[in-house]
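Only one structure is covered here, and it is reproduced in the block below.
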Amino acid sequence: MYYCIVNPSARSGKGKDIWNRLEYKFLEKSLEYEVHLTKGPGHATRIAKKLTENLDPEKDSLVKLVVMGGDGTLNEVMNGIMDFERTLVGYIPIGSSNDFARDLAYPGNIDVLIDRIVEGKKVRALDLGRVTFNSMTGPMSRLHDDSASTSRIFDVSSGIGFDAAVCEEALASGTKNFLNKIGLGKLTYGMIAIRQLLKAQKVPCDIVLDDGKTIHLDRFIFIAAMIHHYEGGGFNFAPKADLTDGKFDLCFAGDMPPARMMFALPFSFFGNYYWIKGIGHYVTSKATIRCDEPMWVHTDGEVSVKSDNITFECLKEKLQLMN
């Protein structure tokens, strides 16, 4: 049995057309399936939780979840899966940024992805990340679920500061919706990034790594735990990230003026920015961030609350993929 979680509004409504192609393949192969259309923030999480909780290893076969949507929909599903050991995931990326799929060399032909999924086999296992909110403060983001969890899973990246503020603004951006319709949704993040840089707060922070080392920044701009190479619609913040090593690349910018960060952004798009003064990079399995003021935190571009104390952890090869 396949359980399909479909965001019908992804890529400004094109998700329905691609779903029709997947459904045709299920019918052609005489495979059992069930479709669930998401209806708003948090719905994909609730669906995935219901499908994967209280599984009995003696009675229940592996749950096959097929996710059709963008990075946000996939993130919601990750946060709903209650038993990763007994869940296989197939993913068809139809969002505006698709940073998760960018690293996986997915073919441009959707039908090829569909063919792999209907084989129903595990083909790889990837690391996941978890961010724990050691403290949370208001306000809530403009688009959020009914309640905020004290921890969240991420499959691409999680960040605090500038990159999260960009995501929070983009989530409620009418400009993003318009650009998505004409195939230019990625431009949203660049436009918002410039605006957020110019008004970035001057906030000190401490970063504590898994070996006890502490890095102090008098003014941090952003800190990101990167499981994958890309975030924000193609910014290559972690060009050497390993998706299966049980560690994440911690990338940060601090103690630098906004103008230098503006200079760094084009280089970061191509994965060539570590040489710039004020950019830092460590490979670690755990890191705690403590800052003087609460800042927005994102998981795969999804933003709900602010925090001044968070912990990033890597969960080695937790996600089982069918494609």
Side-chain angles (χ1 to χ4, degrees), residues 45 71-72 74-76 78-82 84 99-100 126-141 144-145 147-168 201 203-228 231-232 237-238 241-254 279-319:
T45 297
D71 291 323
L74 183 62
N75 175 266
E76 285 198 11
M78 293 300 102
N79 281 280
I81 294 175
M82 305 300 291
F84 280 96
D99 288 315
F100 178 83
L126 303 181
D127 292 346
L128 292 174
R130 177 170 59 210
V131 58
T132 299
F133 297 90
N134 304 314
S135 69
M136 288 191 291
T137 65
M140 302 289 282
S141 72
H144 62 272
D145 198 359
S147 61
S149 173
T150 56
S151 68
R152 285 191 64 83
I153 297 293
F154 57 96
D155 51 73
V156 173
S157 69
S158 179
I160 183 170
F162 159 72
D163 61 335
V166 171
C167 292
E168 198 279 329
Q201 296 173 259
V203 179
C205 79
D206 287 316
I207 305 170
V208 183
L209 304 179
D210 57 359
D211 61 0
K213 179 177 181 178
T214 299
I215 302 108
H216 176 77
L217 300 173
D218 289 327
R219 175 192 180 180
F220 90 94
I221 297 175
F222 81 92
I223 304 167
M226 304 289 300
I227 298 292
H228 283 233
E231 73 165 24
F237 284 159
D242 187 325
L243 282 59
T244 62
D245 66 349
K247 298 181 180 181
F248 55 83
D249 283 39
L250 190 76
C251 308
F252 60 87
I279 302 294
H281 170 247
Y282 291 89
V283 178
T284 182
S285 60
K286 186 176 182 179
T288 295
I289 317 299
R290 303 187 187 99
C291 43
D292 284 12
E293 295 180 25
M295 307 289 283
W296 288 118
V297 179
H298 82 85
T299 51
D300 301 329
E302 300 298 293
V303 186
S304 56
V305 296
K306 289 184 175 183
S307 179
D308 58 7
N309 190 329
I310 60 174
T311 298
F312 296 126
E313 299 172 86
C314 188
L315 310 175
K316 183 175 173 60
E317 297 184 331
K318 192 77 167 177
L319 173 61

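Predicted, not measured: the structure shown is a model, and the values here were computed from it.
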Does the side-chain contact (heavy atoms from CB on, under 4.5 Å) test come out yes or no for Asp127 and Glu317, once each step is laid out?
CA-CA 4 Å; Asp127 292 346; Glu317 297 184 331; 3.8 Å; yes
Nearest heavy-atom neighbours spanning [X] and [Y]:
X: Asp242; Y: Thr244; answer: OD1-N, 2.9 Å
X: Ser158; Y: His298; answer: OG-O, 2.7 Å
X: Glu293; Y: Val203; answer: N-CG1, 3.7 Å
X: Asp155; Y: Asp300; answer: N-OD2, 2.9 Å
X: Glu76; Y: Thr45; answer: O-OG1, 2.7 Å
X: Phe248; Y: Ile227; answer: CB-CD1, 3.9 Å

Does the pair His228 and Asp99 meet the rule for a side-chain hydrogen bond (donor to acceptor under 3.5 Å, both in side chains), with working shown?
CA-CA 8 Å; His228 283 233; Asp99 288 315; over 6 Å; no
[atom1]/[X] to [atom2]/[Y] distance, rounded to the nearest 0.5 angstrom?
X: Cys314; Y: Asp249; atom1: SG; atom2: CG; value: 10.0 Å
X: Phe133; Y: Lys306; atom1: CZ; atom2: NZ; value: 13.5 Å
X: Arg130; Y: Phe312; atom1: CZ; atom2: CZ; value: 13.0 Å
X: Lys286; Y: Asp211; atom1: NZ; atom2: CG; value: 12.5 Å
X: Leu250; Y: Ser285; atom1: CG; atom2: OG; value: 11.5 Å

Go through it in stages, so that I can follow the logic: the residues are Ile289 and Phe252, the test is side-chain contact (heavy atoms from CB on, under 4.5 Å), and I'd like the CA-CA distance, side-chain angles, deciding distance and then a yes or no.
CA-CA 11 Å; Ile289 317 299; Phe252 60 87; over 6 Å; no
Are side-chain heavy atoms of [X] and [Y] found at a separation under 4.5 Å?
X: Ser149; Y: Asn79; value: no
X: Phe84; Y: Met78; value: yes
X: Ile153; Y: Leu315; value: yes

Test of understanding: with side-chain hydrogen bond (donor to acceptor under 3.5 Å, both in side chains), list the residues that count as partners of Lys213, not counting sequence neighbours.
Tyr282
Who passes side-chain contact (heavy atoms from CB on, under 4.5 Å) against Ser135, sequence neighbours left out?
Ser307, Asp308, Asn309
We want to know whether Asn75 and Arg152 form a side-chain donor-acceptor pair, criterion being a heavy-atom distance below 3.5 angstrom.
yes
Can you check side-chain contact (heavy atoms from CB on, under 4.5 Å) on Val131 and Ile160, steps first, answer last?
CA-CA 11 Å; Val131 58; Ile160 183 170; over 6 Å; no
Return a table of donor-acceptor pairs under 3.5 angstrom between the side chains of residues 214-223 and protein atoms on other chains or two or more places apart.
unit_1: His216; atom_1: ND1; unit_2: Cys205; atom_2: O; d: 3.3
unit_1: His216; atom_1: ND1; unit_2: Asp206; atom_2: OD1; d: 2.8
unit_1: His216; atom_1: NE2; unit_2: Asp218; atom_2: OD1; d: 2.9

